[in-house]
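Have a look at the structure below, then the notes.
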Amino acid sequence: MRHYEDFKRLLAAIEAYRADASIPVDAEQVDAACARILTHDPFDETAIEWKRIAEFVKELNGGDWPPTG
């Protein structure tokens with residue numbers, strides 16, 4: 001069941017980013033969910049998309065998530 005919850009969290013984060021470039025307050029937890037998903041399926045397109053977003057946003061902010069809220 002956790003796998004399903006990870007997917008829901010990941011999809012919500014991607015949708016929010018696509019809609020208005022917002023980053024969730026729990027971005028680190030979304031990163032962890034992404035890692036768990038990729039552990040089970042290294043070719044999962046959803047997790048790969050979040051990983052791309054995370055790397056891009058962190059790069060723009062000196063290697064860390066920007067403040068949210």
Side-chain angles (χ1 to χ4, degrees):
M1 188 70 164
R2 183 175 193 173
H3 201 64
Y4 176 71
E5 293 301 320
D6 283 346
F7 270 114
K8 284 180 21 180
R9 174 177 276 165
L10 196 54
L11 286 170
I14 291 170
E15 285 296 314
Y17 185 80
R18 286 179 179 166
D20 60 11
S22 64
I23 299 298
V25 174
D26 64 344
E28 291 86 4
Q29 292 178 4
V30 176
D31 288 347
C34 178
R36 285 190 297 271
I37 290 169
L38 287 171
T39 296
H40 297 304
D41 181 0
F43 302 107
D44 183 273
E45 292 179 32
T46 306
I48 291 168
E49 175 69 8
W50 177 257
K51 192 172 181 182
R52 186 194 64 73
I53 291 167
E55 289 171 353
F56 174 72
V57 172
K58 288 177 186 178
E59 183 177 333
L60 292 178
N61 290 283
D64 205 0
W65 285 109
T68 58

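- Of the candidates Arg36, Lys58, Arg9, Lys58 is the only one forming a salt bridge (Lys or Arg N to Asp or Glu O under 4.0 Å) with Asp31.
- Residues passing the side chain to side chain donor-acceptor pair (under 3.5 Å) test with Asp41, sequence neighbours excluded: none.
- Judged as a side-chain contact (heavy atoms from CB on, under 4.5 Å), and not counting sequence neighbours, the contacts of Arg52 are Glu49.
- Transitive grouping of hydrophobic side chains (ILVMFWY, heavy atoms separated by less than 4.5 Å) brings Tyr17 and Leu10 into a common cluster.
- Between Pro24 and Thr68, the shortest heavy-atom contact is O-CG2, 3.9 Å.
- With rounding to the nearest 0.5 Å, the separation of CD in Gln29 from CG in Asp6 is 10.5 Å.
- If you chain together hydrophobic residues whose side chains sit under 4.5 Å apart, Ile53 and Leu38 never meet in one group.
- The cluster map of Ile, Leu, Val, Met, Phe, Trp and Tyr, joined by side-chain heavy atoms under 4.5 Å apart, puts Phe43 and Leu11 in different clusters.
- Among residues two or more places apart in sequence or in another chain, the ring-ring contact (aromatic ring centres under 6.0 Å, His included) test is passed with Phe56 by none.
- Using a 4.5 Å heavy-atom cutoff, the side chains of Glu55 and Lys51 are in contact.
- In this structure, the side chain of Asp44 engages the main chain of Ala47 through a donor-acceptor pair within 3.5 Å.
- Both Ile14 and Ile23 sit in one connected hydrophobic cluster of ILVMFWY residues. Membership requires side-chain heavy atoms under 4.5 Å apart, directly or through other members.
- Heavy-atom neighbours of Glu5 CD from other residues, nucleotides or ligands within 6.0 Å: above the threshold of 12.
- Using the six-membered ring where Trp is involved, Trp65 and Trp50 have ring planes that are parallel, under 30° apart on the 30 and 60° scheme.
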